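Have a look at the structure below, then the notes.
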Amino acid sequence: MEDEKKEVGAEATTENTGATGATENKNSYEELSKTDKELQSYVDRRVSDALKTAKTKWQEDLEAEKTEAEKLARMKSDEKLQYQLDKEKTEKDNALAELNAYKLKEEAIKVASEQGLDVSLLNLIDFKTTTAEQLNANIENMTSVFNKAVEKAVNERLKEDTPVTKTFSTVQPKTVARASY
């Protein structure tokens, strides 16, 4: 029981220290912003830009909801049901396509790793529109192109200039004059 009290007391002390550190950081920021007007103006610009962006997004969302509500208000009950059914079906199809794309990407990573292909090359494939058969063909094509590029680069680095062959003529002793001393 006393051990539990000691542990709780230790946690409370740690929490108080953390709060004090945050207060000190806040105070140092406030002091710095008071003395450095350029920093303050920069922060103000960033905050105002963020607020403008958020406000624009909120307005766009509100307009979209308004137009949706107006469209639904003009429809008859059976048209509303059909519209909502179509909307739900579209959302379901999109969710399934995204799930299939995720699974297909995981499988592609396994296949590419087995074939020794750099996994970053898979970013070139659009997994939402690709089928499994197309994926295998794409991976095989990428592997062959990648291997050819590696082979070409290796050959380029290993390429040496062809050695120059010099022919040495044999000197015939009859034609060489003797040096006189």
Side-chain angles (χ1 to χ4, degrees), residues 7-113 115 117-143 145-146 149-150 153:
E7 289 177 16
V8 170
E11 291 175 9
T13 305
T14 306
E15 291 174 357
N16 289 342
T17 306
T20 305
T23 307
E24 290 174 5
N25 287 340
K26 184 178 177 184
N27 289 338
S28 64
Y29 170 74
E30 288 176 0
E31 290 174 10
L32 181 62
S33 66
K34 287 178 185 176
T35 58
D36 191 359
K37 298 300 178 188
E38 185 176 319
L39 175 65
Q40 182 63 39
S41 64
Y42 173 74
V43 171
D44 289 343
R45 280 193 310 269
R46 295 284 296 179
V47 169
S48 65
D49 289 345
L51 287 174
K52 285 178 187 176
T53 304
K55 184 178 179 182
T56 304
K57 185 177 183 309
W58 293 330
Q59 288 175 344
E60 288 173 358
D61 291 344
L62 183 62
E63 288 296 320
E65 289 176 10
K66 263 186 187 179
T67 57
E68 184 82 15
E70 290 173 358
K71 185 189 283 186
L72 287 173
R74 284 184 261 137
M75 292 181 181
K76 296 178 184 174
S77 63
D78 59 337
E79 290 176 336
K80 284 182 187 179
L81 290 175
Q82 185 62 36
Y83 175 76
Q84 289 175 346
L85 180 66
D86 292 342
K87 185 177 175 183
E88 292 296 324
K89 186 176 187 272
T90 304
E91 289 176 2
K92 177 188 162 200
D93 291 343
N94 288 341
L96 283 175
E98 190 171 323
L99 178 64
N100 288 336
Y102 177 76
K103 288 180 180 179
L104 200 59
K105 186 172 184 177
E106 290 298 316
E107 187 64 30
I109 289 172
K110 289 178 187 176
V111 171
S113 297
Q115 292 185 3
L117 182 65
D118 188 12
V119 178
S120 64
L121 291 175
L122 295 177
N123 292 333
L124 301 172
I125 300 173
D126 182 18
F127 291 100
K128 288 185 179 179
T129 59
T130 303
T131 63
E133 294 81 22
Q134 292 172 339
L135 180 67
N136 287 334
N138 285 342
I139 290 176
E140 288 176 13
N141 288 340
M142 283 184 183
T143 303
V145 168
F146 181 73
V150 168

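Because the structure is a prediction, the values reported are computed rather than measured. Just so it is clear, the values below take in all heavy atoms, side chains as well, and ignore hydrogens, waters and symmetry mates.
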Checklist entry - Is it true that Lys87 and Glu68 have a side-chain N and a carboxylate O under 4.0 angstrom from each other? => result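 Yes, charged N to carboxylate O under 4.0 Å.
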Item to check | Cationic N near anionic O, under 4.0 Å, Asp61 to Lys57 | outcome: yes
With rounding to the nearest 0.5 angstrom, report the [atom1] to [atom2] distance, [X] to [Y].
X	Y	atom1	atom2	value
Leu121	Asn138	CG	CG	12.0 Å
Leu62	Gln59	CG	CD	8.0 Å
Asn141	Phe146	CG	CZ	15.0 Å
Glu140	Leu135	CD	CG	10.0 Å
Asp93	Glu88	CG	CD	11.5 Å
Thr130	Asn136	OG1	CG	11.0 Å

Write down the atom of [X], the atom of [Y], and the distance for their closest heavy-atom approach.
X	Y	answer
Ile125	Met142	CG1-CE, 3.5 Å
Lys105	Asn123	NZ-OD1, 4.1 Å
Lys80	Met75	CE-O, 3.5 Å
Ser120	Asp118	OG-OD2, 2.8 Å
Ala108	Phe127	CB-CE2, 3.8 Å
Ser113	Val119	OG-CG2, 3.8 Å

May I ask you to check whether [X] and [Y] show a side-chain donor-acceptor distance below 3.5 Å?
X	Y	value
Asp44	Gln40	yes
Thr129	Asp126	yes
Asp86	Gln82	yes

Item to check | Derivation and outcome, side chain to side chain contact (heavy atoms under 4.5 Å, CB included), residues Leu85 and Lys89 | outcome: CA-CA 6 Å; Leu85 180 66; Lys89 186 176 187 272; 5.6 Å; no
Item to check | Heavy-atom check, side chain of Glu38 versus side chain of Tyr42, under 4.5 Å | outcome: no
Next on the checklist: Under the criterion side chain to side chain contact (heavy atoms under 4.5 Å, CB included), I'd like the reasoning laid out for Val111 against Leu117: C-alpha separation, chi angles, the key distance, then a yes or no.
Outcome noted: CA-CA 9 Å; Val111 171; Leu117 182 65; over 6 Å; no
Next on the checklist: With a 3.5 Å distance limit and no angle check, can you tell me whether Glu79 reaches the backbone of Lys76 through a side-chain donor-acceptor pair?
Outcome noted: yes
Checklist entry - Between the side chain of Gln134 and the main-chain N/O of Thr131, is any donor-acceptor distance below 3.5 Å? => result yes
Checklist entry - Near Tyr83 OH, under 6.0 Å, is it more than 12 heavy atoms from other residues, nucleotides or ligands? => result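 Buried by this count: over 12 neighbours within 6.0 Å.
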